Amino acid sequence: MRSLLHRMNPSVKFLLITVCMFTMAFFFDPWTPLIFCVGVLLLQVLFSQVDWKKWTLFMIPFFITAFGYFWTTLVFAKESSGPIIWSIGSVGVTEIQLDHALSLSFRVLAFSSLSMLFALTTNPVTFILSLMQQLKLSPKIAYGILVGFQFLPVIKDEFIQIQQAQRLRGMFQKKNALQRLLASRLVLIPLLAGAVRKAERSAFAMEARGFTGEPRSSFFRVITVGKVDALLVALFLFVLVLSCTNTFWLS
Amino acid sequence: MHDVILFEQVNFRYPDEDKWILNDFSFSVQKGSKLVLTGPSGCGKTTLLYLCNRLYPDNCDGVLTGNIKLFGKECSSFIPGEINHRIATVFQDPDAQFCMQTVEEELAFTLENLHVKREEMDKRITEVLALTNLSEFRYSIIQQLSGGQKQQIATACALIMEPEVLLLDEPIAHLDPYTAKKYVQWLNLLQKKRQMTIVAIEHRLDLWGDFFDRNISLNKSDIAFPIPQRLTSMQLDTSFEVTKVETKTFLKPTSFSLQRGEIAILAGPNGSGKSTLLKALCQLIPNSGVVEPAFLGYVPQSPEFLFLTKAVQDEVTYGGGYDVDNLMDRLKLVEIAGSHPFSISHGQKRRVAIAAMLCDGREVILMDEPTSGQDAAALYELFQLIDERARAGTTFLIVTHDMEFAYRLADSILLMEGGSLTGKFPAADVWENEQLLLDHHLLPPKGLMRHEKSFA
């Protein structure tokens, strides 16, 4: 049970999440995104083995953003008439303002928790393979991305090596963040020069193994669509419909 | 026996260069033969190989005239991808020829390219792994394997296509001598089992023994670069003293000292901690211990990692600028003083790096793998450069796998194994001691063997 979301077909998951996001975009009340967000979290608790500590860490910036939206909408809102229901210092908050503010911040949370669900339960390699098999992504692009994945650790090693070598020349780590950013430009030039050379070599190696970029007739690792996907799609749509129809059963 | 590859009066040049890199070139490869192409860098070996597997001229828009026939057919009559499974290639760089995570997936990638049916894939993967004795690595993650293993996997990926011809582009350039020798033996067995035609590029033939039955030299000028035996320039005073340097995780306590003008070679198997030691000495990674002097020169395998400015002149003077004009002159950098450091040749980049280190007032130079992938002319130039600097009083500590080069150059040898320094030995003692060499994945240099024969 707890591995269902991890086993779900990544392309189906991707499409499902896109549909959910688009639907959410058309609701402007605060309750729809809130209920949906809670529903998504519930699904994630029930059907995945997500590392919740990691989840919290990744969500921190989104929490901050959500709070930022909430606060700025309240404080810098357009003058609106209506009874003041809450006052913070000299700022009076009307019901409409509060509604808008909550709606914006819950939206941020709904979208981010949905993206987090996808990111934390999907293996990138499987996702690319599935895009190629189910959504007919061109192998040229798909394998390009896969090779990129293989290079990430190599690039990281090289980045450290270049930094070390440059430190030896008397480039000391700047204290100022802006200066450090400008200094990293000097690391990027040799890094990119090397990356271009590596990319060409890989492309040649792939071509020498008969890769032409044409669609393949069979796959070694077949990514299937099955009952699990149907079940999860039904569950997600149920949560989606439930949250979208909240005006009927909440009031 | 018919010709599998036939070149008739082939001319080839790159689109943005006027010089023909192959000029009226003809050669043929018979089925089942083992051929090696030798010659200095830039003489067109790699170009020739890429013409054989059809990577060129399409991938570089090169200009090609003349006739290339593969398996008796005009080469342009093959559709893209068709020739690649009859003529398979293994490249030089073990890090840049894989695109999947595990060995099994990588092999399957090759089969998918050939439109092999899914039911057959498993059988063919099992077969090729059994043939190459690599079955234990089936589920291994490629990036975690050693350089030698990666080259074996790359060869298996080529063999799974059941090719008639195998092209090898300096397959052992990045391997230590012992691992390289093992690879050659392994390849030899495979060749006997499969009766393939092999065309290889290699500029150091000593490790291949009598593997090849034909050698084609692309050397246009025919100037040989025999590296002479160097006379020591060691002076009496100590210039470099290392006491109990160690890192927390890997490097065990290391102490040694070098004299002024001494050239020491640091050798050992891949992954024995040679680069780690160099970095610890330069204080690039945290370590404990005392290094005297602390201000060391360091030249990484890619010298361009060091470059910070837009002109060679600025690069050399960047860190201090002591004795700049003299050193620029001695290291032949005056004519390229205004060039961008990334636009000059590899040998020039290294000279710039050394000049920059010396101008900072760093009198001990540590070099990481300066010999790997270098041809005879480049090695000769490197030899001259180090020799000349050592005579001027610079002390060198050089990491290399190239024992021929070490034999010509070294005053002393430092051997490493599993993160600890076995010891510092006078060079002459090491070459005689075969067990010591074998323990550190090294092989005695051929220069020494010739030397011994002449006395016998």
Side-chain angles (χ1 to χ4, degrees), chain A residues 123-125 129 132 139 142-154 157-171 183 185-187 189-191 193-195 197-222, chain B residues 50 53-55 59 79-82 84-85 87-93 95-101 104-105 107-118 121-122 125 142-143 154 157-158 161 167 279 282-285 296-298 300 302 304-308 318-320 342 356 360:
Chain A
N123 175 328
V125 174
L129 289 177
M132 197 161 42
Y143 281 100
I145 297 169
L146 287 177
V147 174
F149 272 127
Q150 305 305 311
F151 272 142
L152 287 180
V154 179
D157 285 352
E158 263 182 21
F159 186 82
I160 294 169
Q161 276 182 31
I162 296 170
Q163 260 190 337
Q164 287 175 339
Q166 295 190 341
R167 206 169 342 134
L168 190 87
R169 302 278 327 267
M171 280 278 305
R185 186 180 46 121
L186 291 170
V187 180
I189 298 169
L191 190 71
R197 253 174 261 148
K198 276 215 166 60
E200 189 186 28
R201 274 185 225 150
S202 301
F204 277 178
M206 283 167 83
E207 205 171 313
R209 298 249 211 86
F211 183 77
T212 52
E214 267 154 46
R216 1 209 75 201
S217 47
S218 57
F219 287 93
F220 179 68
R221 232 178 107 189
V222 179
Chain B
Y50 287 179
N53 61 13
R54 301 291 297 142
L55 285 173
N59 280 317
I79 55 166
E82 188 190 356
N84 296 115
H85 75 99
I87 301 184
T89 316
V90 177
F91 294 87
Q92 178 181 3
D93 188 348
D95 286 321
Q97 49 181 321
F98 300 106
C99 57
M100 303 297 280
Q101 257 175 332
E104 185 187 43
E105 287 170 341
L107 289 165
F109 165 76
T110 316
L111 292 177
E112 286 171 7
N113 289 335
L114 303 180
H115 300 281
V116 172
K117 286 201 192 68
R118 181 157 186 272
M121 284 184 187
D122 193 65
I125 292 174
I142 295 176
Q143 298 298 340
C157 287
M161 301 193 272
L167 305 179
K279 282 180 187 162
C282 301
Q283 314 300 325
L284 292 176
I285 46 179
L296 300 172
Y298 171 65
S302 320
E304 59 190 38
F305 284 5
L306 290 170
F307 297 159
L308 297 163
Y318 182 84
F342 277 86
D360 288 0

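Scope of the values below: all heavy atoms of this structure, side chains included, with no hydrogens, waters or symmetry mates. Naming convention: chains lettered A, B, ... in sequence-line order (proteins, then strands); numbering from 1 in each chain. A quick note: this is a predicted structure, and the numbers were derived from the prediction, not measured.
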Contacting region of [X] [heavy-atom separation from chain A under 4.5 Å]:
X	answer
Leu167(B)	neither
Tyr298(B)	both
Glu105(B)	side chain

Out of [options], return the one with the most heavy atom pairs under 4.5 angstrom to chain A.
options	answer
Met161(B), Met121(B), Gln143(B)	Met121(B)
Lys117(B), Glu82(B), Lys279(B)	Lys279(B)
His85(B), Arg118(B), Glu112(B)	Glu112(B)

Just by distance, do the side chain of [X] and the backbone of [Y] share a donor-acceptor pair under 3.5 Å?
X	Y	result
Thr89(B)	Ala205(A)	no
Asn53(B)	Ala208(A)	no
Arg169(A)	Leu306(B)	yes
Gln164(A)	Ile285(B)	no

Can you say whether [X] sits under 4.5 Å from chain B via the side chain, the backbone, both, or neither, judging by heavy atoms?
X	value
Thr212(A)	side chain
Phe151(A)	side chain
Val125(A)	side chain

Only counting residues at least two apart or in another chain, list the ones meeting side-chain contact (heavy atoms from CB on, under 4.5 Å) with Ala154(B). Val90(B), Gln97(B), Phe98(B), Gln151(B)

Going by the rule side-chain contact (heavy atoms from CB on, under 4.5 Å), which residues pair with Ala203(A) if we only count those two or more places apart in sequence or in a different chain? none

Give the member of [options] that has the highest number of heavy-atom pairs under 4.5 Å with chain B.
options	result
Ala165(A), Gly210(A), Pro153(A), Ala199(A)	Gly210(A)
Val147(A), Leu146(A), Ile162(A)	Ile162(A)
Arg221(A), Arg201(A), Lys198(A), Glu158(A)	Arg201(A)

From [X] [atom1] over to [Y] [atom2], what is the distance, rounded to the nearest 0.5 angstrom?
X	Y	atom1	atom2	value
Leu308(B)	Gln166(A)	CG	CD	4.5 Å
Phe149(A)	Gln101(B)	CZ	CD	9.0 Å
Ser218(A)	His115(B)	OG	NE2	8.5 Å
Glu200(A)	Asn59(B)	CD	CG	8.0 Å

Are any non-hydrogen side-chain atoms of [X] and [Y] less than 4.5 angstrom apart?
X	Y	result
Met100(B)	Phe220(A)	no
Arg167(A)	Gln283(B)	no
Arg216(A)	Phe109(B)	yes

Give the minimum heavy-atom separation between Cys157(B) and Arg209(A), together with the two atoms involved. CB-NE, 3.5 Å

